[in-house]
Amino acid sequence: MSLNRNEKAAVIEGVSAQAAKSQTLAMAEYRGLTVENLNKLRVDARSKGVYLHVLKNTLARRAVAGTPFEVASESMVGPLIYGFSEDAVAAAKVIADFAKSNDKLVIKAGAYAGKVLDVNGVKALAAIPSKEVLLSQIAGLLKSPVQRTAAVLAALAEKKGGGAEAAAPAEAAAA
């Protein structure tokens with residue numbers, strides 16, 4: 001189905017708005033995927049905050065013109081699905097994870113921080129843990145020294161005769 005000029009302008013405007021607030025672009029060739037598989041991919045992407053869209057490459061090039069994703073314009077060839085995400089790794093992770101379970105989806109390229117990513121770059125970006133995982137790892141690292149100190153203090157108190165419980169009768173006897 002062909003779009004008229006106004007519809008094309010609306011698509012470009014919508015994708016440009018999404019690109020303006022995104023950090024990452026991941027592109028994959030979807031040739032051979034069934035509608036059911038594409039719908040699964042879209043549902044997964046939507047749940048992770050990824051804007052996923054099948055676009056004509058000329059419209060995609062116009063939409064990313066003037067954005068940090070313009071560097072990927074040369075890679076916009078063939079039937080591609082475009083994934084934009086505000087989270088630095090979400091788009092790459094959604095596409096890479098789906099490509100692992102479905103060989104019909106082929107990662108082509110991406111862009112992050114004004115640099116073009118090849119297939120390995122997109123996979124490397126996808127391998128980075130999510131923001132939530134990184135935050136929990138940092139919290140665990142911060143909690144670890146406190147736990148160790150508490151364990152050492154408890155062991156010392158136990159070794160000296162029970163800690164505060166043993167000190168209370170001794171103070172009462174001295175009075």
Side-chain angles (χ1 to χ4, degrees), residues 1-140:
M1 179 171 91
S2 182
L3 302 175
N4 67 33
R5 186 177 212 151
N6 293 334
E7 291 169 334
K8 288 178 183 178
V11 168
I12 291 170
E13 186 178 319
V15 174
S16 293
Q18 187 62 43
K21 61 182 180 178
S22 296
Q23 289 188 43
T24 307
L25 165 65
M27 299 178 285
E29 187 174 307
Y30 62 92
R31 187 177 293 158
L33 280 178
T34 63
V35 172
E36 182 181 332
N37 285 334
L38 271 174
N39 286 337
K40 284 180 190 174
L41 177 59
R42 284 187 173 118
V43 167
D44 187 35
R46 196 174 301 121
S47 71
K48 294 183 177 145
V50 176
Y51 174 82
L52 205 63
H53 207 83
V54 173
L55 296 168
K56 286 187 144 199
N57 295 325
T58 53
L59 295 179
R61 284 188 203 100
R62 288 181 186 162
V64 298
T67 69
F69 305 121
E70 188 173 13
V71 296
S73 292
E74 291 180 16
S75 302
M76 296 177 181
V77 178
L80 297 176
I81 191 161
Y82 296 86
F84 292 93
S85 66
E86 293 179 37
D87 182 354
V89 299
K93 191 175 285 292
V94 165
I95 288 179
D97 287 349
F98 192 81
K100 286 178 191 172
S101 63
N102 195 321
D103 62 342
K104 300 282 187 192
L105 187 73
V106 180
I107 300 169
K108 287 296 181 180
Y112 175 72
K115 294 186 175 103
V116 178
L117 302 173
D118 62 354
V119 175
N120 293 328
V122 173
K123 288 180 180 177
L125 190 61
I128 296 172
S130 68
K131 181 180 177 182
E132 292 79 20
V133 171
L134 290 173
L135 288 174
S136 67
Q137 288 175 346
I138 289 172

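Sequential numbering from 1 along the given sequence is applied to the chain's residues.
The distance from the CZ atom of Arg62 to the NZ atom of Lys56 is 10.0 Å, given to the nearest 0.5 Å. Here CG of Asn39 is found 12.5 Å from CG of Asp44. Values are rounded to the nearest 0.5 Å. The line from NZ of Lys108 to CE of Met27 is 10.5 Å long, rounded to the nearest 0.5 Å. Atom CG in Asn102 sits 5.0 Å away from atom CG in Leu33 (nearest 0.5 Å). Rounded to the nearest 0.5 angstrom, Leu105 CG and Asp97 CG are separated by 11.0 Å. Atoms CZ and OG, from Arg61 and Ser75 in turn, are 9.5 Å apart once rounded to the nearest 0.5 Å.
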Working for side-chain hydrogen bond (donor to acceptor under 3.5 Å, both in side chains), residues Asn57 and Tyr82: CA-CA 10 Å; Asn57 295 325; Tyr82 296 86; 2.5 Å; yes
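Closest heavy-atom contact between Ala28 and Ile95: CB-CG2, 3.8 Å. Minimum interatomic distance between Val71 and Pro68 (heavy atoms only, all atoms of both residues): CG2-O, 3.5 Å. Taking all atoms of both residues into account, the shortest heavy-atom contact from Ala60 to Leu55 is CB-CD1, 4.0 Å. Minimum heavy-atom separation, Lys93 to Ala126: NZ-O, 2.7 Å. When every heavy atom of Val89 is checked against every heavy atom of Pro129, the shortest pair comes out as CG2-O, 4.3 Å. In this structure, Phe98 and Lys40 approach most closely via the heavy-atom pair CE1-CB, 4.3 Å.
Heavy-atom contacts from other residues, nucleotides or ligands closer than 6.0 Å to CD of Glu7 number more than 12.
Contact annotation: the side chain of Leu38 approaches that of Ile81 to within less than 4.5 Å [non-hydrogen atoms, C-beta and beyond]. At least one side-chain heavy atom of Leu134 sits less than 4.5 Å from a side-chain heavy atom of Gln137. Side chains of Leu59 and His53 form no contact here, defined as non-hydrogen atoms less than 4.5 Å apart. When side chains are defined from C-beta on, Leu41 counts as touching Val94, because their heavy atoms get closer than 4.5 Å.
No donor-acceptor pair under 3.5 Å is formed between the side chain of Glu13 and the backbone N or O of Ala9. Gln23 places a side-chain N or O within 3.5 Å of a backbone atom of Glu86 that can act as its donor or acceptor partner.
Using the six-membered ring where Trp is involved, Phe84 and Tyr51 have ring planes that are tilted, between 30° and 60° apart.
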